[in-house]
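Report on the structure given below.
This is a predicted model, so every value here is computed, not measured.
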Amino acid sequence: MNTNTMHDEIRELNLAYLMLAQQMLRADRAAAIYRLGIGEEVAEVLEGLSSAQVLRMANSNMLLCQFRFNDTMLVDLLSSHGRERGAAHLHAAILAAGRPVAHLA
């Protein structure tokens with residue numbers, strides 16, 4: 001994958017993420033904050049972005065979203081394919097909810 005292609009893919013992912021985040025925040029703010037793993041301050045900023053600002057942010061060469069699972073237990077629970085998949089996903093949600101939310105730097 002060349003640099004231009006990678007930048008295009010990052011831009012598309014950023015745009016999709018920002019648009020989804022805004023849609024989620026407008027539909028159910030509390031659930032969106034939990035699902036996105038963000039704080040109130042970040043939610044306010046994302047929700048208030050204009051279309052032009054979303055496009056400028058999406059054009060960044062770095063990913064704006066991040067994976068919330070940074071330990072093997074959470075990854076294992078989320079990728080569970082066994083009989084108790086529902087319980088594993090519930091346990092993963094509880095673990096993720098206990099993690100601190102992101103704040104603006």
Original post:
Is it true that a side-chain atom of His7 and a backbone atom of Asn59 form a donor plus acceptor pair closer than 3.5 Å?
Top reply: yes
**OP:** Would you give the length of the straight line joining atom CZ of Arg29 to atom CG of Leu36, rounded to the nearest 0.5 angstrom?
**Re:** 11.0 Å
Original post:
At their closest point, which heavy atom of Gln22 faces which heavy atom of Leu49, and how far apart are they?
Top reply: NE2-O, 3.1 Å
Subject >> Exercise: identify the closest heavy-atom pair between Asn4 and Asn2 >> reply: N-OD1, 3.1 Å
Original post:
Does Asn14 reach the main-chain N or O of Met62 with its side chain, forming a donor-acceptor pair under 3.5 Å?
Top reply: yes
Original post:
In Å and rounded to the nearest 0.5 Å, what is the CD1 to CD distance from Ile38 to Glu47?
Top reply: 9.0 Å
**OP:** Test Arg56 against Gln53 for side chain to side chain contact (heavy atoms under 4.5 Å, CB included), laying out the working first.
**Re:** CA-CA 5 Å; Arg56 275 196 303 274; Gln53 289 172 313; 3.3 Å; yes
**OP:** For residues Asp8 and Arg11, determine if any side-chain heavy atom of one lies less than 4.5 Å from a side-chain heavy atom of the other.
**Re:** yes
**OP:** Any chance you could measure Glu44, atom CD, to Ile33, atom CD1, to the nearest 0.5 Å?
**Re:** 8.5 Å
Subject >> Distance, nearest 0.5 Å, that separates OH of Tyr17 from CE of Met24 >> reply: 8.5 Å
Original post:
Once you round to the nearest 0.5 Å, how far does CZ of Arg35 lie from CG of Asp28?
Top reply: 7.0 Å
Original post:
Which distance, rounded to the nearest 0.5 Å, do you find between the OG of Ser60 and the CD1 of Ile10?
Top reply: 8.0 Å
